[in-house]
Structures are given as structure tokens and as C-alpha cells.
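The structure under discussion appears below in the form of C-alpha cells.
Chain letters run A, B, ... following the sequence lines, proteins first and then strands; every chain starts at 1. Quick caveat, the model's predicted, so the values are computed rather than measured.
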Amino acid sequence: MSKTLLVILGPTGVGKTKLSLSLAEYFNTHIISADSRQLYADIPIGTDAPSAKDLKRVKHHFVGTLKIDDYYSATRFEEEALEILNQLFTTHQTVLMTGGSMMYIDALCKGIDYMPTITLEIRNKVVESYKQNGLEYLVDKLELLDPDYSRIVDKKNPKRIMHALEICLMTGKTYSSYRTQSIKTRPFRIIKIGLIRPREEIYERINNRVDKMIENGLIEEAKRVYQYKENNSLNTLGYKELFCYFEKKITKQGEVWSLDYAIDKIKRNTRIYSRKQITWFKRDKEIRWFHPDNLNDIIEYLNSINC
RNA sequence: GGUGCCAUAGCUCAGUUGGUAGAGCAUCGGACUGAAAAUCCGUGUGUCCCUGGUUCGAUUCCUGGUGGCACCA
């Protein structure tokens with residue numbers, strides 16, 4: 001029998017955590033978390049990380065393993081998750097991966113192209129140039145250095161432009177030359193289970209969850225990490241909005257960010273995020289969709305394919 | 001009871017000197033390959049409250065309703 005990676009995915013708030021715990025117990029196995037923010041140890045409330053109790057019930061990987069200012073990326077996740085998977089497959093037939101970080105899931109399932117890590121020096125240089133000269137300047141520069149990519153890149157998206165430029169500047173080669181976009185095959189079977197609910201249910205659960213996070217001390221948690229706010233780990237739902245409130249920023253409507261406004265924004269942005277996830281997952285035809293309450297249907301399906 | 005103001009998108013409102021309408025928010029759709037909870041793009045048909053009148057033509061002006069708000073009794 002082949003080894004199986006069972007992927008449980010879905011939009012935020014749909015109920016992945018609860019179902020994954022049940023399934024992991026059913027298979028008596030571990031969970032690999034595919035969540036780019038639950039990786040960080042100091043922000044468990046805002047990222048809705050598995051509780052201490054959950055972690056005791058089932059062994060998790062990639063939860064709370066990083067410091068708030070650690071660098072991380074989908075590629076590192078690919079490498080490290082593969083390594084852990086290989087170990088786990090020596091003792092387990094089935095391993096679960098669960099999470100909502102779309103690119104992390106794809107990185108492990110399909111692989112992503114190798115690219116050199118950008119040095120801090122180059123990154124700062126490019127970011128600085130963006131601030132000084134604006135996006136169009138960078139677009140022009142990219143057109144010179146990598147005309148192929150320049151033709152297809154979204155020219156309004158600063159991150160895409162900057163990253164391609166960084167690669168060009170650092171390696172002296174084009175960004176396109178690293179972009180093979182080939183799909184890697186894995187030496188194990190991958191089964192994807194998608195969890196979905198009607199929109200209203202997802203939205204209601206998100207709204208309730210945010211209220212609960214506030215009750216559980218999200219504001220204090222955000223204050224504790226505020227000094228690290230420049231780090232990517234905190235460019236995150238829940239924190240960025242509270243930071244605006246802390247800083248008494250002015251809203252588009254010309255008012256000072258109140259706590260209520262920040263909380264509404266968190267809810268709204270989380271809803272938008274969940275939609276974005278749905279959009280991404282919709283493209284993946286390998287996903288078999290279920291309602292999270294139908295654990296039995298899922299197990300029945302898995303049995304039928306010899307899981 | 002009297003007077004004044006208001007009634008337009010799911011919400012808050014703008015607007016049409018009379019030629020059937022548009023912003024913000026909400027909603028919805030999409031892109032995505034080493035920062036991805038990031039970053040970026042796109043999306044507005046709605047009995048313009050109802051009725052009658054004037055008019056070639058009314059959501060717009062006028063009459064009368066209905067509902068809301070404010071003030072006066």
C-alpha cells in the first residue's frame with residue numbers, strides 16, 4: 001500500500017482544526033500544519049492556533065516553531081515538510097496536512113521553483129528604490145533586465161516587480177530563467193479534502209471568532225508584539241488593524257481609528273481573505289469537497305479509496 | 001392637530017437647470033511559483049415611496065396620499 005498524504009484544506013473559519021483532530025485520531029497519525037502565521041510562537045490568539053489541549057491530543061508540526069522576526073517562505077516549508085514527511089512515512093501509512101495557506105499547500109503538493117534567497121542588502125536596495133522612484137521606474141528597469149517576464153507580469157503589483165528585480169540584480173540572470181513552473185511528482189499519494197460551508201455560515205463563524213479573540217486577549221497580544229510590527233509575520237489579519245488603532249491613524253472617512261472600527265475591519269478583512277482562499281482552491285480539480293460536519297461521509301470516502 | 005424637512009442600490013448618501021441615475025461601504029468575480037493571513041486587478045437594473053396632473057417625455061415640477069425626522073401646540 002502506498003503512503004498517503006491527506007490534505008485537509010478550506011477557507012479560514014470553516015472548521016478545519018476540529019475535523020483534522022478527529023481524522024488524525026482516526027488514523028492515529030500526526031498533523032503537518034500548512035499555515036504561514038501559526039508558525040510563529042508569540043501570536044497564537046490572533047492566528048487561531050491549535051490550543052495546548054489540541055496539541056496534546058495530536059502531534060503537530062510547524063505550529064509555534066518560529067520567533068516573530070524569523071524569516072520564512074513557502075520554499076522553506078516545502079523542504080522542511082518533505083523532510084518530516086519522509087520520517088513520518090517510515091512509521092505511518094497516512095499523514096495529515098491541514099491549513100489554509102494556499103501557496104504552502106501547493107509548495108508541498110506540487111513543488112515550487114528553486115530561487116536563490118535574496119540578501120537583506122538587495123531587498124532593502126530595491127525597496128528603497130521603489131520608495132524613491134516609484135513603481136514605473138522599477139517596471140522600466142525590469143523590462144531591460146528581463147523582457148520575457150516583463151511581458152507577462154502584473155505591472156501594478158509592486159511585490160511581483162520587486163521580487164523579479166531582486167533576482168535579476170542578485171544573480172545577474174533573468175527571473176524567467178528560474179521560473180520553470182514545472183510540477184514535481186512526489187513519492188507518495190496525495191488526497192485532497194476541501195471543507196466548505198454556505199457563505200453566511202462562514203461569515204458568521206468568522207465574526208464570532210474575532211469577537212472571541214478579543215475576549216481572549218488579542219489586544220494584549222498585539223501590544224506585546226507591537227515593537228516587531230515591521231516584520232512580515234505581523235503583516236497579518238488582526239494585528240495590522242489593531243496597530244492602526246494603537247497609532248490613532250486616520251481612516252478614509254477622516255476619523256481616528258476606534259477600537260470598534262478596528263474590530264469591524266478585522267472581520268471584514270478576514271471575510272475577504274476567506275473568499276480569496278475559495279477562489280484559489282476552486283481552481284484545483286483534485287479537491288473533493290465536503291461539509292465539515294459530515295465526518296462520516298469523509299471517512300466513508302477515504303475508506304472507499306483505501307486510505 | 002400645525003409648520004418645516006426628508007423618502008434614490010443591502011447600508012449611508014450624492015445627482016438629474018425635466019431626456020429613466022452614481023459614490024463610499026457591504027456584496028460578488030479574478031490573478032497568483034522563494035514576503036502568500038502578503039500583493040494586485042475587476043464587479044452596480046435600482047418599481048429613484050404610492051397616486052393623479054402638467055409635458056412629446058417626470059425619478060426630477062405641481063396635487064393628494066403613506067411613512068420617517070425636527071420644531072410648535
Side-chain angles (χ1 to χ4, degrees), chain A residues 10-13 16 33-40 43 45-49 66 69-81 99-120 122-124 126-127 130 135 139 149 152-164 166-167 170-171 175-184 199-200 202-203 206-207 209-210 213 230-242 251-255 261 264-284:
Chain A
T12 191
K16 294 187 292 291
S33 164
D35 190 302
S36 67
R37 294 301 188 271
Q38 290 180 6
L39 278 161
Y40 293 95
I43 48 175
I45 298 174
T47 60
D48 198 37
L66 297 181
D69 55 350
D70 281 341
Y71 173 80
Y72 208 72
S73 70
T75 304
R76 287 207 187 163
F77 179 75
E78 179 191 13
E79 287 165 11
E80 292 174 11
S101 292
M102 305 151 282
M103 200 151 101
Y104 282 31
I105 293 171
D106 281 356
L108 184 58
C109 295
K110 302 177 186 167
I112 68 184
D113 292 328
Y114 165 82
M115 300 225 180
T117 300
I118 306 300
T119 61
L120 208 59
I122 295 273
R123 173 145 294 176
N124 289 340
V126 173
V127 169
Y130 172 52
L135 186 58
V139 170
Y149 188 61
I152 55 170
V153 68
D154 175 0
K155 292 188 179 60
K156 290 183 179 168
N157 192 327
K159 288 216 175 181
R160 300 272 154 72
I161 302 288
M162 283 196 276
H163 185 236
E166 286 167 352
I167 297 283
M170 222 183 81
T171 65
Y175 176 71
S176 325
S177 64
Y178 288 97
R179 233 173 80 95
T180 71
Q181 291 191 285
S182 53
I183 292 179
K184 294 175 192 162
R199 283 289 161 95
E200 308 83 71
I202 295 176
Y203 289 174
I206 286 173
N207 292 344
R209 191 176 75 178
V210 172
M213 283 176 181
E230 299 305 329
N231 288 276
N232 185 248
S233 54
L234 291 170
N235 185 189
T236 295
L237 295 169
Y239 302 92
K240 54 185 179 184
E241 295 88 354
L242 285 175
T251 68
K252 266 191 219 158
Q253 293 77 34
E255 287 158 31
Y261 184 81
D264 278 351
K265 273 289 203 195
I266 295 173
K267 290 176 180 172
R268 180 184 153 233
N269 288 337
T270 307
R271 275 183 255 131
I272 291 173
Y273 173 55
S274 76
R275 262 184 264 145
K276 203 176 67 173
Q277 288 173 304
I278 293 169
T279 299
W280 178 292
F281 291 137
K282 261 198 285 199
R283 279 198 311 189
D284 190 338

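Side chain of A/E241 to backbone of A/G238: a donor-acceptor contact under 3.5 angstrom is found. Side-chain atoms of A/K16 come within 3.5 Å of backbone atoms of A/G10 as a donor-acceptor pair (strictly under, hydrogens ignored). A donor-acceptor pair is defined here as one N or O able to donate and one able to accept, closer than 3.5 Å; no such pair exists between the side chain of A/Y178 and the backbone of A/D113. Side-chain atoms of A/Q38 do not come within 3.5 Å of backbone N or O of A/S33 as any donor-acceptor pair. Without hydrogens or angle criteria, A/K184 side chain to A/A107 main chain gives no donor-acceptor distance under 3.5 Å.
The interatomic distance linking A/N124 (CG) with B/A35 (C1') rounds to 13 Å, in whole Å. Distance CD1 (A/I161) to P (B/G34): 13 Å, rounded to an integer number of Å. For the pair A/D113 CG and B/A35 P, the computed distance is 13 Å after rounding to whole Å. Taking atom CG on A/L120 and atom P on B/A35, their separation rounds to 12 Å, with Å as the unit. What separates CZ of A/F77 from P of B/A36 is a distance of 12 Å, to the nearest Å. Between the CD1 atom of A/I118 and the C1' atom of B/U33 there is a distance of 14 Å, given to the nearest Å. Summarising the geometry, the separation between CD1 on A/I206 and P on B/U27 is reported as 10 Å, rounded to the nearest angstrom. To the nearest angstrom, C1' of B/C32 lies 13 Å from NE2 of A/H163.
As judged by a 4.0 angstrom heavy-atom cut-off over every strand, A/Y40 is placed among residues making no nucleic acid contact. Backbone-only engagement by A/K282 is indicated by non-hydrogen atom pairs under 4.0 Å involving sugar-phosphate atoms exclusively. Counting any heavy atom pair closer than 4.0 Å across all strands shown, A/G238 reaches no nucleic acid atom. Within 4.0 Å (heavy atoms only), A/N269 reaches no atom of the nucleic acid at all. Residue A/Y72 is classed as a sugar-phosphate contact, given heavy-atom separations below 4.0 Å to backbone atoms only. As judged by a 4.0 angstrom heavy-atom cut-off over every strand, A/Y71 is placed among residues touching the sugar-phosphate backbone only. In this structure, A/T47 reaches the bases: a heavy-atom distance under 4.0 Å links it to at least one base atom across the strands shown.
Side-chain proximity of A/M162 to B/C32, B/G34, B/A35: nearest is B/A35.
Spacing between B/U20 and B/A73 at atom C1', rounded to whole Å, works out to 43 Å. Spacing of P atoms, B/G22 relative to B/U16, comes out at 14 Å, to the nearest Å. B/U33 and B/U12 have their P atoms separated by 41 Å, given to the nearest Å. Here the separation of B/A14 from B/G2, taken at their C1' atoms, is 32 Å to the nearest Å. The gap from the C1' atom of B/G24 to that of B/U54 amounts to 37 Å, rounded to the nearest Å. Comparing the C1' positions of B/A9 and B/G4 gives an interatomic distance of 29 Å, to the nearest angstrom. Distance check on atom P: B/U63 versus B/G53 gives 15 Å, rounded to whole Å. Distance noted for atom P between B/A21 and B/A35: 48 Å (whole Å).
Contact annotation: A/Y104 side-chain N/O to B/A36 OP1/OP2 distance is under 4.0 Å. Between A/R275 and the phosphate of B/G29, there is no side-chain N or O to OP1/OP2 separation shorter than 4.0 Å. Distances shorter than 4.0 Å separate some side-chain N or O of A/R179 from OP1 or OP2 on B/U33.
Comparing A/G111 and A/R199 by the nucleotide of RNA chain B whose heavy atom lies nearest to each, the residue mapping closer to the 5' end is A/R199.
Helical stems involving RNA chain B, defined as 3 or more consecutive Watson-Crick or G-U pairs under 3.5 Å, span B:1-7 with B:66-72, B:10-13 with B:22-25, B:28-31 with B:39-42.
For A/T236, the side chain to side chain donor-acceptor pair (under 3.5 Å) partners are A/R37, not counting sequence neighbours.
With hydrogens and angles ignored, a donor-acceptor pair under 3.5 angstrom links the side chain of A/T117 to the base of B/G34.
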Interface polar pairs with nucleotides 38-41 of chain B, N/O, under 3.5 angstrom:
from  : atom 1 : to     : atom 2 : distance (Å)
B/A38 : OP1    : A/K240 : NZ     : 2.3
B/A38 : OP2    : A/K276 : NZ     : 3.4
B/A38 : O3'    : A/N235 : OD1    : 2.9
B/A38 : O2'    : A/K159 : NZ     : 2.1
B/A38 : N7     : A/K276 : NZ     : 3.1
B/A38 : N1     : A/R160 : NH2    : 3.4
B/U39 : O2'    : A/N157 : OD1    : 2.1
B/U39 : O2'    : A/N157 : ND2    : 3.4
B/U39 : O2     : A/N157 : ND2    : 2.8
B/U39 : O4     : A/K276 : NZ     : 3.0
B/C40 : O4'    : A/N157 : ND2    : 3.2
B/C40 : O2'    : A/D154 : OD2    : 2.7

- [ ] Walk me through it: do A/Q277 and A/Y273 pass the test side chain to side chain contact (heavy atoms under 4.5 Å, CB included)?
- [x] CA-CA 6 Å; A/Q277 288 173 304; A/Y273 173 55; 3.0 Å; yes
- [ ] Check the pair A/R275 / A/R199 against side chain to side chain contact (heavy atoms under 4.5 Å, CB included), numbers first and verdict last.
- [x] CA-CA 9 Å; A/R275 262 184 264 145; A/R199 283 289 161 95; 3.6 Å; yes
Task: A/I206 vs A/S274, side chain to side chain contact (heavy atoms under 4.5 Å, CB included): CA-CA, chis, key distance, verdict - done: CA-CA 9 Å; A/I206 286 173; A/S274 76; 3.9 Å; yes
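Ring geometry for A/H163 against A/Y175 counts as perpendicular: the plane angle is over 60°, on a 0 to 90° scale with 30° as the lower cut.
Contact detail for A/Y72 and A/Y104: the closest heavy-atom pair is CD2-OH, 3.6 Å.
A side-chain donor from one of A/T12 and A/R209 sits under 3.5 Å from a side-chain acceptor of the other.
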